[in-house]
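Quantities reported herein were computed from a predicted structural model and do not represent experimental measurements.
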Amino acid sequence: MPLNSFKQLNSLPSTQNSESSVEEVEIDMGSAVATQEPSLAPLTGDSGTQPVGRNNNGSSTTSKVEALRQVLERHQHERHLVLLQDFPDPDALSSAWAYQLIAQQYDLQCDIVYAGTLSHQENIALVKLTGLPAQRLPVQTAKSKDLSGYKGYVLVDNQGTTSQLLSLVLEAGLPLISVIDHHSLQGELKPEFADIRPNVRATATILTQYLQTGLLVLDSSVGQHVKCATALMHGLRSDTSSLMQAQEEDFQAAGFLSRFYDYQLLKAVLQTNRSKRVMDVIERSLKNRIVQNNFSIAGVGYLRYDDRDAIPQAADFLVTEENVHTAVVYGIVHDEDEELEVVIGSLRTTKLTLDPDEFLKEAFGQDNQGRFFGGGRSGAGGFEIPMGFLSGSNEISAYAKMKWEVFDSQIKQKLQRLVNPQDSPIQTE
């Protein structure tokens, strides 16, 4: 239903959901294609004519929109993959949906996929209640499917560093069509179109600007448009801490969406209750945390793959403690289907002078391909560290305990090096 003010929006429950999304549906895409080396070059905007991440204004937005329009026109009647991070959050989900609807105006079919899972209760509710067309594509399933029907791929709200599917599309020789993101530059790619603006708080803001310029004319009488606008409002609200960290562009985008989104639908998404497993992880984080120099650091041990989003929710909770300005929560997430283990962590901060992106990149560095293990945006960040040879084989409890202790100690050591801990940290019980 159309709304013309922020009164109802601001009365919604104050929740945060920054990193991850309902029941997952595996997409049948039909087996491997001949590989070719991807072309790599410095990431640029507007087909190389404009630097990515420049301050946005009306003229530059118009330039971006026109560049995207030309790219979409060149690829009419094709089928593309839209890759999300493995654990997509509301910003990613809603932005990808808006991109899909825009592409449809050019008879261009886009399949929105992610390799991981949707476990945050709000993400699950968002997809269920809106019918958001994101589909799970596990890595093992993707390896056996034929990707030759796709003529390219798109990255939305990520730059490929947080998607297990990236290597598969590169092996299949798919060209990179577009990159639209609000995170800091993560690496080198060569897309036809790029719009990367770290100064913007949410990718949903960027996509909403595309809608404002007429790439897709929203109609409040079209149910799909109303649901997509609702999803975009949720994505924008989520990545701006309920608009408290919003900037002018974000408020303008929210004002535009207020004419189309469904307040009751968004309220239903935000009022979804936490599961018992999430509450258990929050309890673990409270029990295991150490507090040093206003940093709260907590390892929560092993988690099921489906419970991954309990980690950012625990960080959201710990950062509310008195005399704490930054919380970091991490654990080992085990994917039984893929026989894969990865250390996953989340950072939340209220300290204006702390840049989560710089902090996590400095703490954990990068792999041998130059990809950083961590990164972030204003107020929040995350990191993922593959465990490689040590993955799996946790049947022996003593070995599993020893493995956790090693990783727990190493992560704490890397974090404390930046936190500059005293010799006698506060150990909570």
request  = Please work out which of the three classes, parallel, tilted or perpendicular, describes the rings of F359 and F295, given edges at 30° and 60°.
outcome  = parallel

ask   = Do V342 and I332 come close enough that some side-chain heavy atom pair is under 4.5 Å?
value = no

query = If you take all heavy atoms of P312 and R348, which pair is closest and at what distance?
reply = CB-NH2, 3.3 Å

key: Flag, side chain of K227 to backbone of Y261, donor-acceptor distance under 3.5 Å   = no

task = Kindly say whether R304 contributes a backbone atom to a donor-acceptor pair with the side chain of H334 at under 3.5 angstrom?
result = no

key: Donor on one side chain, acceptor on other, D111 and H80, under 3.5 Å   = no

task = Decide yes or no for L170 and L166: does some side-chain heavy atom of the first lie under 4.5 Å from some side-chain heavy atom of the second?
result = yes

query = Looking at CD of Q164 and CG of L83, how far apart are the two atoms once the value is rounded to the nearest 0.5 Å?
reply = 12.0 Å

note = On a heavy-atom basis, the closest approach of M233 and A254 is CE-O, 3.4 Å

request  = Examine distances only and state if a side-chain atom of N294 and a backbone atom of H325 form a donor-acceptor pair shorter than 3.5 Å.
outcome  = no

Test item: side-chain donor near acceptor, T326 and T349, under 3.5 Å = yes

note = Rounded to the nearest 0.5 angstrom, the CD1-CD1 distance for I311 and I344 is 6.0 Å

key: Q366 atom CD, over 12 foreign heavy atoms within 6.0 Å   = yes

ask   = If we ignore angles and hydrogens, is there a donor and acceptor under 3.5 Å between the side chains of Q76 and D107?
value = no

message = Determine whether L101 and Q224 satisfy the following criterion, side chain to side chain contact (heavy atoms under 4.5 Å, CB included), listing intermediate values before the conclusion.
response = CA-CA 9 Å; L101 293 176; Q224 193 176 44; 3.5 Å; yes

query = Is a side-chain N or O of N288 found less than 3.5 angstrom from the main chain of G299, in a donor-acceptor match?
reply = yes

inquiry  = Can you confirm whether the side chains of Q121 and Q313 place a donor and an acceptor under 3.5 Å from each other?
reply    = yes

message = Heavy-atom count check: over 12 atoms from other residues, nucleotides or ligands less than 6.0 Å from F317 CZ?
response = no

inquiry  = Does any part of the side chain of L207, heavy atoms only, come nearer than 4.5 Å to the side chain of Y99, both counted from C-beta?
reply    = yes

key: Check: I282 main-chain N/O paired with S285 side-chain donor or acceptor under 3.5 Å   = yes

ask   = Side chains of D195 and Y210: does their closest heavy-atom pair fall under 4.5 Å?
value = yes

message = With rounding to the nearest 0.5 angstrom, report the OG1 to NE2 distance, T205 to H182.
response = 8.5 Å

ask   = Does the S296 side chain pair with the main chain of L318, one donor and one acceptor, at a distance under 3.5 Å?
value = no

Any donor-acceptor N or O pair under 3.5 Å, side chains Q109, E78 = no

query = From L270 CG over to L126 CG, what is the distance, rounded to the nearest 0.5 angstrom?
reply = 9.5 Å

query = Side chains of R69 and Q105: do they bring a donor and an acceptor to under 3.5 Å?
reply = no

request  = Would you check if there is a donor-acceptor pair between the side chains of T240 and D250 at a distance under 3.5 Å?
outcome  = no

task = State the CD1-CD1 distance between I411 and I297, to the nearest 0.5 angstrom.
result = 10.5 Å

inquiry  = Show the nearest heavy-atom pair for residues A310 and L303, with the distance to one decimal.
reply    = CB-CD2, 4.4 Å

ask   = Yes or no on ring pair (Phe, Tyr, Trp, His ring centres under 6.0 Å) for F383 and F364, after CA distance, side-chain angles and deciding distance?
value = CA-CA 8 Å; F383 57 92; F364 299 110; 4.3 Å; yes

inquiry  = Looking at S241 and M244, would you say the former's side chain and the latter's main chain have a donor-acceptor pair under 3.5 Å?
reply    = no

message = Please determine whether the number of non-hydrogen atoms from other residues, nucleotides or ligands lying under 6.0 Å from atom CE of M279 exceeds 12.
response = no

message = Test side chain to side chain contact (heavy atoms under 4.5 Å, CB included) on V328 and S346; report intermediate values, then the result.
response = CA-CA 6 Å; V328 181; S346 291; over 6 Å; no

inquiry  = Is there a side chain to side chain contact (heavy atoms under 4.5 Å, CB included) between L81 and V154? Walk through the geometry before answering.
reply    = CA-CA 6 Å; L81 273 175; V154 176; over 6 Å; no

ask   = Are D89 and L93 close enough that some pair of their side-chain heavy atoms sits under 4.5 Å apart?
value = no

task = Take D280 and R284, measure what salt bridge (Lys or Arg N to Asp or Glu O under 4.0 Å) needs, and give me the verdict at the end.
result = CA-CA 6 Å; D280 289 342; R284 257 187 274 169; over 6 Å; no

task = Work out which heavy atom in A229 is nearest to a heavy atom in F260; give both atom names and the distance.
result = CB-CB, 3.8 Å

From L266 atom CG to T230 atom OG1, the distance as rounded to the nearest 0.5 Å = 6.5 Å

ask   = Does S163 reach the side chain of Y114, with side-chain heavy atoms less than 4.5 Å apart?
value = no

message = Does any part of the side chain of K361, heavy atoms only, come nearer than 4.5 Å to the side chain of S184, both counted from C-beta?
response = yes

message = With a sphere of 6.0 Å drawn around CD of E248, does it hold more than 12 non-hydrogen atoms of other residues, nucleotides or ligands?
response = no

query = Can you check ring pair (Phe, Tyr, Trp, His ring centres under 6.0 Å) on Y305 and F87, steps first, answer last?
reply = CA-CA 10 Å; Y305 199 64; F87 302 93; 5.2 Å; yes

query = Between Y330 and K412, is a side chain to side chain contact (heavy atoms under 4.5 Å, CB included) present by the stated rule, with each step listed?
reply = CA-CA 10 Å; Y330 56 89; K412 280 188 171 68; 2.8 Å; yes

request  = Answer whether the closest heavy-atom distance between the side chains of R289 and E321 falls below 4.5 Å.
outcome  = yes

ask   = Any idea which heavy atoms bring A202 and G235 closest together, and the distance?
value = CB-O, 4.4 Å

ask   = Salt-bridged, D239 to R201, with N to O below 4.0 Å?
value = no

note = Closest non-hydrogen atoms of V82 and A96, given as atom of the first, atom of the second and distance, are CG1-CB, 4.0 Å

